[in-house]
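Start at 1 and go down the list; that is how both ligands and their atoms are numbered. Along the sequence shown, residues are numbered consecutively beginning with 1. Quick caveat: nothing in here was measured; it's all calculated off a predicted structure.
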Amino acid sequence: MKENGLIVVGGGLAGCEAAWQAAQRGVRVRLYEMRPLVNTGAHVTDRLAELVCSNSFGSNQVDRGTGLLLNELRMLGSFLIRCADEAALPAGRALAVDRDKFSQRVTKAILEHPNITVIREEVKSIPEAPAIIASGPLTSESLSASIATFLGQANLFFYDAISPIVEADTINMSIAFRASRYDQESNGDYINCPMNQDEYEYFVNELIKAERIPLRPFEEKIESGVISGKGQFFEACLPIEVLAQRGKDALAYGPLRPVGLRDPRTGKRPYAVVQLRQDNLAGTLYNMVGFQTNLTFPEQKRVFRLIPGLEYAEFSRYGQMHRNTYIFSPQSLKPTLQTMRRPDLFMAGQIIGVEGYAGNIASGWLAGVNAARFLQGRLLFKLPRETMIGSLIYYITHASEKDFQPMKSNFGLLPYSEDEWLRNKKQRHLYFVQRSKEILGRWIEEFNVFD
Ligand SMILES: Cc1cc2nc3c(=O)[nH]c(=O)nc-3n(C[C@H](O)[C@H](O)[C@H](O)COP(=O)(O)OP(=O)(O)OC[C@H]3O[C@@H](n4cnc5c(N)ncnc54)[C@H](O)[C@@H]3O)c2cc1C
């Protein structure tokens with residue numbers, strides 16, 4: 001059944017998945033992609049679904065957050081994950097693809113789809129017709145301005161300064177201690193990793209020398225602390241390695257200042273302290289306060305493990321700094337990915353605060369399916385929270401202002417009852433995997449998801 005038609009803005013991962021899902025459900029789709037007429041500064045081809053950086057979709061192991069998400073997407077009939085599986089390269093336990101083969105497959109299939117028309121044009125303002133905005137982290141300036149007007153300036157962010165996130169049970173609590181500044185009595189909201197002077201100086205030295213990710217031209221202003229356009233970027237968001245370069249004690253007087261803290265092992269104030277703040281409700285993840293960084297991922301692992309208490313730390317997300325246009329979704333979107341202000345306008349992809357290729361494809365799947373259902377006057381879907389996709393979308397649309405930040409799939413997002421809590425992490429994850437499989441399987445059948 002052909003319907004009124006849908007506009008999809010952005011031929012990236014989310015936009016292509018959304019367009020395909022809507023088209024497969026009989027909706028006529030006009031997919032707008034501004035490349036190659038207007039470039040993002042990061043993409044290098046004119047193909048749809050170009051992977052701008054890594055060619056890895058992350059772990060394919062089901063007991064990893066991304067692995068579970070990938071499996072759910074396979075169950076849901078994701079078009080892009082099918083293309084990724086077809087373009088897969090040998091990469092151990094990860095799903096890595098031949099990037100050219102992947103984007104060629106997506107582009108060819110989209111161009112040949114009878115219900116999709118690809119239009120190479122920059123969309124400068126939010127369309128008035130039913131639409132999905134999936135213009136990504138590098139959304140063009142005029143469209144960003146239009147989104148800011150529509151949602152309110154305060155609900156649009158331009159830069160990302162993400163600190164690494166550590167799995168709590170890998171922190172060595174015989175060295176690290178819980179406390180809030182000037183409050184040794186209560187249990188304390190922070191986990192503190194104390195350093196003596198030698199440990200601090202060695203750490204700072206290694207931090208300054210560590211290998212960095214080369215900045216692209218549009219990101220260079222970040223390192224100098226200067227920002228162009230309307231972006232929100234503050235001195236406080238400078239990469240930790242850049243701050244460290246300013247002087248031997250720059251960090252000890254800055255984000256690593258030890259004031260108001262005493263190491264319970266010595267009863268004294270440490271020379272410096274790295275603080276970690278709880279990052280999810282379950283308390284299984286902690287982020288490193290003030291550690292936004294541009295170091296390569298292997299160097300983050302090596303250098304941050306020099307911090308006493310983090311010798312064996314496992315990172316569920318590494319720090320990053322790049323231009324990233326994203327909205328404050330909890331105040332802008334419903335769990336169906338409709339905007340709160342306009343039920344016929346959906347958003348998906350990195351612009352809603354989802355991180356990672358698989359997560360962005362997942363949000364495209366939901367927006368595409370729901371936009372089709374909206375146009376056909378059918379009930380819209382919310383995914384079960386016990387699934388990784390459901391929990392990721394739940395976080396994106398429900399996080400508090402204080403906690404909200406771009407998020408990728410991880411087990412800390414999943415809900416559980418007291419009975420379901422297994423101490424052994426591997427067993428716990430496997431239980432979550434089984435639970436997701438059963439619930440999603442039933443949900444797909446009950447709601448005729450492919451209909
Ligand atoms: C420099 C950089 C490196 C990254 N590295 C990684 C990585 O290694 N791993 C990872 O998982 N994620 C990475 N990301 C995040 C990555 O962008 C997303 O995971 C993924 O590409 C997001 O999918 P998307 O569909 O939301 O956006 P995109 O894939 O960027 O697609 C958005 C599309 O919209 C188009 N567009 C923008 N504005 C308009 C407009 N006004 N009109 C028409 N078209 C428009 C763009 O040209 C683009 O093709 C990186 C991001 C950046 C900026």
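- By the criterion of a heavy-atom distance under 4.0 Å, neither the backbone nor the side chain of Glu355 is placed next to ligand 1.
- Between Asn370 and Gln338 there is no side-chain heavy-atom pair separated by less than 4.5 Å.
- Residues Glu72 and Ser436 have side chains that bring a donor and an acceptor to within less than 3.5 angstrom of each other.
- Comparing Phe297, Tyr357, Phe57 against atom 10 (C) of ligand 1, the shortest heavy-atom distance belongs to Tyr357.
- Atoms of ligand 1 found under 4.0 Å from any heavy atom of Gly356 (numbered from 1 in listed order, with element): 11 (O), 19 (O).
- Here Arg120 does not pair with Asp46 in a salt bridge; the nearest charged N to carboxylate O distance is not below 4.0 Å.
- Note: an N/O pair closer than 3.5 Å links Ala14 and ligand 1 by distance alone.
- For an aromatic pair to be called close, the ring centres must be under 6.0 Å apart, and Phe57 with Phe102 satisfies this.
- Looking only at distances, a side-chain donor or acceptor of Gln300 sits under 3.5 Å from a matching main-chain atom of Leu295.
- When each atom of ligand 1 is checked for a heavy atom of Leu143 under 4.0 Å away, the hits are 41 (N).
- For Pro335, the side-chain contact (heavy atoms from CB on, under 4.5 Å) test picks out Lys382, Thr397, His398, with sequence neighbours left out.
- Listed by atom number, the atoms of ligand 1 under 4.0 Å from Arg35 heavy atoms are 47 (O), 49 (O).
- The contact set between ligand 1 and Thr40, taken as ligand atoms under 4.0 Å from a residue heavy atom, comprises 46 (C), 47 (O).
- Of the possible donor and acceptor atoms, none in the side chain of Glu314 sits under 3.5 Å from a partner among the backbone N and O of Glu167.
- Considering backbone and side-chain N/O of Met34, one or more are found under 3.5 Å from N/O of ligand 1.
- Considering backbone and side-chain atoms together, Val52 places no N or O closer than 3.5 Å to any N or O of ligand 1.
- Within ligand 1, the atoms closer than 4.0 Å to a non-hydrogen atom of Asn360 are 18 (C), 19 (O), 20 (C), 22 (C), 23 (O), numbered from 1 in the order shown.
- Taking only nitrogen or oxygen atoms, main chain and side chain alike, Glu122 does not reach within less than 3.5 Å of ligand 1.
- The closest donor-acceptor contact from the side chain of Arg317 to the backbone of Asn410 lies at 3.5 Å or more, if one exists at all.
- Close approach of ligand 1 to Gly349 is summarised as follows: ligand atoms under 4.0 Å from at least one heavy atom of the residue are 26 (O).
- Using a non-hydrogen distance threshold of 4.0 Å, Lys124 does not register as a contact of ligand 1.
- Every atom of ligand 1 with a heavy atom of Pro137 under 4.0 Å away is listed here by number and element: 17 (O), 27 (O), 30 (O).
- Between Glu299 and Arg302 a salt bridge is recorded (basic side-chain N to carboxylate O distance below 4.0 Å).
- Scanning for side-chain contact (heavy atoms from CB on, under 4.5 Å) contacts around Ala23 gives Val29, His113, Asn115, Ile116, with sequence neighbours left out.
- Ligand 1 has an N or O atom lying under 3.5 Å from an N or O atom of Leu13, backbone or side chain.
- The heavy atom nearest to atom 47 (O) of ligand 1, considering only Glu33, Lys408, His43, Met347, is found in Glu33.
- Across the listed options Ser135, Gly10, Gly15, Ser135 owns the non-hydrogen atom lying nearest to atom 32 (C) of ligand 1.
- Relative ring orientation between Phe328 and Phe404 is described as perpendicular, the plane-to-plane angle rising above 60° on a 0-90° scale split at 30° and 60°.
- Expressed to the nearest 0.5 Å, how far CZ of Arg35 lies from CG of Leu48 amounts to 7.0 Å.
- Here's the thing with Glu50: none of its N/O atoms is less than 3.5 angstrom from an N/O atom of ligand 1.
- Of the heavy atoms in Ala134, only backbone atoms (N, CA, C, O) come closer than 4.0 Å to ligand 1.
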